[in-house]
Each structure stands twice: as C-alpha cells, then as structure tokens.
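The structure appears right after this line, and notes come after that.
What you are looking at is a predicted structure, and each value in this text was computed from that prediction instead of being measured. Keep in mind that the numbers below use all heavy atoms, side chains included, and drop hydrogens, waters and symmetry copies. The chains referred to below are lettered A, B, ... by the order of the sequence lines, with proteins before strands, and numbering in each begins at 1.
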Amino acid sequence: MASIELIDIKKTFGTVVAVDNLSLEIKDSEFVALLGPSGCGKSTTMNMIAGIESPTSGEIRFDGRDISNLPANKRGIGFVFQNYAIFTHLSVRENLAFALRVRATPQRDIDKRVADIAELMRLTNKLDWPSSRLSVNEMQKLAIGRSAIAKPAIFLLDEPLSNVDAAFRAFMRTELKHLQHTLNQTMVYVTHDQIEAMSLADRIAVIDKGVLQQFGTPEQVYNTPANKFVANFMGSPSMNLIEATVNGEGSLLSLHFGAAGAIPVAPTSILCSHLQACRTRNILFGVRPEDIALSAPDDPRPGLVMQASFVEPIGPRTTIHFGGSVPALKVITQKRFVTELGEAHKLLMPEDKCHLFDPASGKAIRAEVAHVDA
Amino acid sequence: MSSGHAAKTPGKLSESLGERKSRRIGWLLTGPAQALLLFIVVFPTIVTVYVSLTLWTPLDGQPWTQAYRWFAWFDNYVEIFHDAKLFSALGRTLFMVAIAVALEFALGFGLALLFVDRFRFRPIYYTLILMPMMVVPAVAGYMFLMLFQSTGPINQIISAVSGQTFDPTWLANERLAVSAVITAEVWQWTPMVFLILLAGLMSVPEDQVKAARLLGANELQILRRISIPRIKVVIAIALGIRLIEGLKLFDIMYIMTRGGPGVATETLSLYIYKRTYGDLEWAYVSALGLTIVLAMSLVALCLLELAKRRGRQRPAGV
Amino acid sequence: MSTLELRNVTKSFGDVVAVDNVDLRVEDNEFYCIFGPPSCGKSTILRLLLGLASPESGQILIDGKNVTYLAPGERDLAMVFQNLALFPHLTARENLAFPLRERNVSQETIDATIQSVSEKLRITPLLEKLPAKLSGGERQRVAIGRALMRKPRAYLMDEPIAALDARLREEMRVELKRLQREVGHTLIYVTHDQEEAMSIADRMAIMQDGKIVQVGSPYEIYNEPISKFVAQVVGSPPMNFIDGTIRSGTFQATDFSLEVASHANLIDGDVTLGVRPEDVALCTPDSDKGAECSIFEVEPLGAYSIVDVIVGEKILKSQMQGQPRFKKGQRVMLSVNAEHCHLFDPRSGASLLRRKRS
C-alpha cells in the first residue's frame, strides 16, 4: 500500500518533449487510469514510476519519500507489460516463482504461494506447462499472477488488455477490478481505450501531448469535461461538437447552427447561465449522442430538424448519423428503434446536458455555479 | 529444398497446376548448383573412400586409379586404432583446445556483457576487438612467432620492467611453447566467440530483462535466470564451432613451432600433415581423414540434437 | 462490380482444416463481413479468393466464372492488408500512383485518378508527405486509396483498421462504409471485432472452426442467432446464459424462473436460456415482479453502464442507460422480458426458437 506523487515531472527525448510538467497525486489503494491517444506520454509516465526511465526533471515520491534515484528492482513494483514479457524458457510454475526465487525465499513458502496465486489466476492445471504453450489469455493471467505474487504495494499495467479478444476483455475487466479489491494495491493502468478506463478506474488522468488535461472520477471526466480534447476523447461514439453562434442579449439568447437552424434558449436554464459566461459570440457546442432525443419533425419543442444519413446498428443500440457534411450529429437510440435513410427527425437537446467550449483555447465554458473542479 | 516444398502441400492430389509448374522451374534454377555440388563434394569423397581401402602410395609409381592392385580392405582403419602417435597427438590437441576454448569463452562472454549496453566510442572498440579475427591465421602465427622470439618485444618489455634479462626461451621450452601457442589461438578466436555471444545476448528481449528487474532481480540474477538460459542454444553452437575448429588447429603451430619442441605442440592436423608430406602414406591418411570427419559429424549431430531438444520441451503429463 | 462465390470449398493445412466445405455468395455492390474468433479460417477465405492459396476441393467463382486455377494477378481483385504495406521511401502521391505505373497508364490519367481518389478520402493535403510523417489514420487512408486507384472487380480487406486506436477505428469504419457506398463496389471485409462487423456490414457471415454457421444482416444475426455460439460472439458485453429446464411453459433454474409460454411449440426438457444484458432490467425491491438479487459491481461507461448482479450463485450482466446510482451489495429486483429471450439446446447449442425470417 502506497501513495504515488508526481511533482512537475518532465521527460524529453532529444528535442521531443514526451511528458511536460506533469503533476499527479495517486492515493493509497486507488485505481488510476492514465488515458490518452498513442504517443501522448502515458507509457513514459508509467515507465518513470516503475524506474525503467528516469525523469529529466521533477520528483517522484512513494508515500511521501523521494524515490527518484531508487533503481527499478528496489522499488517493489508489480508491472504487467503490454506483450506480457513471459519468460518463455521457463515453465508456468517457474514464471510465477521468479519474484520469490530472486529474493531467496525458502522452497516451502514458494510452493505455497505459487499454489495460492495459481488458484487465484486459475492456472493450477497448467502449472507444469512450458509457458510458451499458453494461449494469449492465459499468458495475460500469468503475467498478472507473476507480478502479484510478491505482493507489491504498487501495481502498474501497460495496456494489458489490448491483445486479448473481446469476450476475454470483458471478463478480465471485471477480474482486474475484483483483484484490486482483494489485493488492495495502488494500481496504475495505462490505456488508450476510454471504455476500459471508465469501467476500471477510480480516477482517470487524461493526457494529451505530454500534458495532463483532466484528473477526476470517471463521472467527472465524462459529465464535466475540462476541455474540448477530454470531451471528444471520452465516450463512444464521441461527443458531437459543432460550431454555433450566440444571438440575443441578456437572458434572451438563441443558438444558431448555420444551415441546420437555430434553437432559442430558455432564460432560466443552466445553459443560459453558461452562455452568459461566454465572452465570444462564436462557441463550440457539444452534446453527447445519447443525450439527444428524437421526435417527429413537427414537434413544437425547440430542436433541429435533420435527415438521417447513415445508420450503424451495433447490437444493444444503434448510432444514427444526421446531416450531410457540416454540421453532422450522431444520436444513439435503443436497438429496436428503426429509421430509414433520409427520414427527417427533430433532434431535441436537453439544456442541462449541453456543453460549451471556447473555440480558440478549447477550454470548457461554465457558469460559476455549475463549475465543478475535478 | 524439394522436401520442404512437399511438406506444405498435403498429398500429391491436392497439388494445383501452378504449384507443379513452379516445382519444375525450381529444378531448372537449382540445376547448375547441384551439378557443381556433385563435382566438388561427391566425387572427391568417392576417391577418398576408394584410396583408403588400399595400401597404395604415390611412391609405387602408379596413378591413383590403379590403386586397386594394392587392395587391402580395412587394414588402414584397423591401423588407426594401433597408432599410438595419433592418440598422443589427439590428446595434446584436446588438451590445448579445452584450455583455449575455455579462455575464449570467459573473455568473449565478459566482453559481450560489456557491449550489450551502448556507450561512448562503442563502434570503435567494437571494430578493434574484431580485428584479430580478420587476420589470416598464418599471419597471426608469424606475429606471435616474432613476439615470442628471444629478442622479441615480450622479453624486452619484461626485461625493461624487471631490470633483469628475461628470456625463458618461450618456443624451445615444452610448457611455455604450449602456452605461447594457446595465447596466439585465444588472441585470434576470442573475437568470434564474442561476436556470437553478443548476438545471442542482444536477442534476449529487452522486455524480459526489464520484467525480471521489476520483479526484483539484480543483474547477476538476470544473467543466471534469464539471459544465459535463453542463449543456451547460441552457446552450444559457438562451443560446437570452436571445438571443431580447434581440432583442425594447424596454421599457428606450423608457423610458430612446427609441432616442437619434440612433439609438445604437435596437433592432430600437424600429425596428419607429417604423414602426408613426410611419409607420403596417402591411403592411410585417407582412412584417417574419413574417420575424423565421421567422428566430428557425430559430435556435431549430438550437440545440435541437444540444442533442439531443449528448444521444444514437452510438458509432463500432457 | 461483381459477385464472388465459393462452392463447397475445403482447404486444410496438414491436419488442420482451415476452411471446411464452405458455401458463400457475395452479391454485387455488397459490403460483406466475415466475422469469427481468431484462427477460425476467415483470413484463409480471403487468401483463397485472392489465389494465394488453392483449395483441395470446391470451386471459386468471380462473376459466375470459375477462377479456381487462375493466378492471383489474373483475378483482378484489390487487397488491403492489416499491416498497410505502404512503400516508406515513396510519398503518399507516389504510393497512390504505384498500381497504375505498374500498368503503364499515362501520366494524365494517373494525375486525374489521384485527384479524384484523394478528394474522396480527404487526403489531398497529405499527398507530398512520406508515410513516416503521416499519422496512423492518415496512413490507413492512403493504403485504402492505393487500393481504390484501380477499378478491380472487388475489394478484399483483412482487418484493415485493427491496428488503430479505438477512436480512429470508430471514425474509419464510418468512412469506409461511406466510401463503399459512394464508389459502389463489392467489398469483403474480415474482422474479429463484432462491433465493427455489425456497424458496417450489409450482410455478415459468422465463422466457427472453418465453417460458416450463420449469414444474415446485422439485425438478424443479433436478434435471431441460430446457435449459442453466434449469440455468444456477437454483442458486447456478451449474452447471459442460464441453464435450466422448461416445465409447461415456464423456465426453471435455481433462484430464477420465467414465463416463456409466448414462445409456442416448446417441449419440456433441459434448455439454456439466453438473455442480452440490455434486456435485463433492474428495479427497486418494492416491485413484486422478477427475481431478487444483489448488486456485485457497477461499471459506468458514460452513455450506459454495465451492472453485474448476483442471482443465486450466478453473475448476470445488465446494461442500463446512463449512470445509475446503485451501491455494491444493494438488493434489487431483476426482471427479464420473455419476448427478448433466447432458448438453446444445452447439448448442441442450436436455437430452439423458430421465429419468422423477415
């Protein structure tokens, strides 16, 4: 059990800045996901926590103690590699025992703990197999078990689910969460898959271009994104982001979406107070596909009338794309909702589910009352 | 080559037209090479086998084709097992090879470990270390002959440092001659062992080394539990090559000592050389050569089989 | 612009039968997905169509013409591989031009084709860049563009976007579908990602151990799986399965029962009940319908959440809209709409429901 503190961490490779003044405080036995697109610096950050790489500047603390100069094998960290790095020349048993062998643990203890961890990872009947003959799914479990056996206080996972098939992924997600509850370790998980991050993590650190964009619970990051990047990155399909202009004065405001039409804003709504906080007339308007309701084109409520241009059925729900090029909106509907291509619908956007961003800086615009600092 | 092709297609019936056509082109393309192979390998082998079954020597004044007149079945092969000089030469060779190869591995592995990580001027040092390997063995022999002369640089340096005249007559003293020869041998062939072992060490996946380190292993443990087990096959191959090469040891001895003093550095190859050109017993030498080839092939086969078996261990009870 | 057909095609490698007596017909202008778990034989089908492998038995037809023994170059198909295979030393423009240069097409035609293709793919500003300077998604577009330069009879794609980030994959699949519709070509697409297959296919074929087990529109496959296998591999999170018995129109399992009388022709006996997570409803315990259960885990995924509940000794997954406020261990009532249930033979896995085919 340990807390991790990154203070102004910077890492450069030649002229490339991989991680830029990143500060992060991970609490004891917390499950944190480092989330971002490939090449955003999340893996470098994790390698620095593990001691595989050392930061160009800044400080890393475990439990308040500066460990920047401690070598990797003394940090007591469990690390699961993306490709698992299974010792293929050893049996499953010897892979599991490795961390204990190098600590000169008595054979009796090794036998017992290997048996325990094998039971936990459901590898008991494969203990004497050469590890090279395991399936990808089993290798994954072995990689986790091998790190867990030494009971590290900190567990780092580098995209461990990216190579396994979808069904096993869903299973492993639940398993990992369960494991974390059982072992009560501080877990840091690197991923580019926002669904994985949402489902596993207590808190998510969204990173882009080496810079921390937002750090908060899945709900905070999803419901109140700090900027355009986070809004766009979280959620699948992603948030609709369209350009709009604000018309009117005081509390009598309306939003104009070019050719798609305009929506009057109710003067008492939260959207209206957000809009009053805007300094510019041009804004980026965001609304999540699942928050848009579809209605008949002649519905009197304010909304945009658009035509369905593309339908993506993905089983439990259907994504319908509206409009041709600009603006285009995606809407998620229930699976039994059927529409024809070209059919017109009225898109209703609940005012408390709308997001506003500054088109220049990308920062979220929120009225002070609604401002939730992540 | 053709057997590899057949393995891909299960049964002749499933062969398509295209595959049959490409097989014919394959024969055409490899034809010349196969003919050449026949000429340079198969023909000389047959001649050697033929001569080895006779007591013919060029002193008989007949060409080798007439050798059947002295046909003697396996007399030469029986003779091999009664040849005391041969066995003492073999013993000397094995002794020298064992020491030389052990030294080469110790030095080569140490150097390889240093060179796994990058450091300043690594390419320069790397080239320097590989240089001896490029030197023609006869030239290497000559270099060390010069170094170990009574007035050679080695004696001069030791004399200068100690302040006394130092001349143990390196190449005239039995023990010192052996160590001088081994020194030359180690100097020349450590680079190759270094190169093979370095390639092996570089092929150990970096992730595995990192994983082991994160699991708490120190550098020595990583070496013992990850690196060395993973390059076992490479080590076996390097060992095999060096042992076989070592048994053929000739140039350096021939130049430095001619097998002397006495027979102190007379190796198997040198012994065969003497029987060939000193005694002109070509039939006996043919038999001896074939026997050695056979024996070495067996050793190499065993080594390869061992390496292969380690590569695909089956789980117990599966 | 053509149809592709496999008739009773079998191909094995050594003892392994990769493609087992497969019949398949892809219609003109169709977006046809072949979906299955890894190494089920889906890529082998592409290799057979391309002519990179020849079948042991059966025929391959393009536009009704037997091409089983034609060399790959004579079949006039274009292929996009998973590992792109762009030439790293050529600019995007030269990469696009390559297939035409090979065929001695005039420079004017090449330029015109590059212009129309790059506009369709929105890569015009990238044309002078080397592949190393392009992002993953851009490289993918160029690779697809290169396939589009010629007008082959059909396009074959083997997991063309599997290597991209999740977000890019999502955008690319919409793009691909739009492109296929605009260009109007027959396209066979192999993937192991069920969501990808469902979202872009006009029709999809599900493969299992070298056999095609079901062919249909994504709607049909999802709503009327013909076996437990199909029900299992399509849909994420996967369908819940409960073993039990049918007695006079009621499904009975430990701690759980359900009226299934609405499904006619049910014979009493052992069955496996299948229900999709989104058809499992959870409500507060005061409602009297359904089975009592407790919350095990809640995974909020933004637009929807996956809630694991413990029913007796089993964990069932429920998918709900939004972000419900359940606590771990909380007692809730679970109800399932019998209309949306599936029943499978517990031994063969075959579906026991004979719904009307639309």
Is it the backbone or the side chain of [X] that comes under 4.5 Å from a heavy atom of chain B, or both, or neither?
X: A:I86; value: backbone
X: A:F98; value: side chain
X: A:T88; value: both
X: A:A50; value: both

Could [X] and [Y] be called an ion pair, given the rule that one side-chain N must be under 4.0 Å from one carboxylate O?
X: A:R122; Y: A:E138; result: no
X: B:R242; Y: B:E185; result: yes
X: A:E94; Y: A:R101; result: yes

Mutual orientation of the aromatic rings belonging to B:F194 and B:F115 [parallel < 30°, tilted 30-60°, perpendicular > 60°]:
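Taking B:F115 first and then B:F194, their aromatic rings stand perpendicular (interplane angle over 60°).
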
Indicate the ring-plane relationship of A:F81 and A:F79, choosing parallel, tilted or perpendicular according to the 30° and 60° boundaries.
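Correct class here is tilted.
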
Between B:Q221 and chain A, which part of the residue has a heavy atom less than 4.5 Å away: side chain, backbone, both or neither?
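Answer is side chain: those atoms of B:Q221 sit under 4.5 Å from chain A.
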
B:P229, B:P205, B:A212: which one forms the most heavy-atom pairs within less than 4.5 Å of chain A?
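Ranked by heavy-atom pairs under 4.5 Å with chain A, first place is B:A212.
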
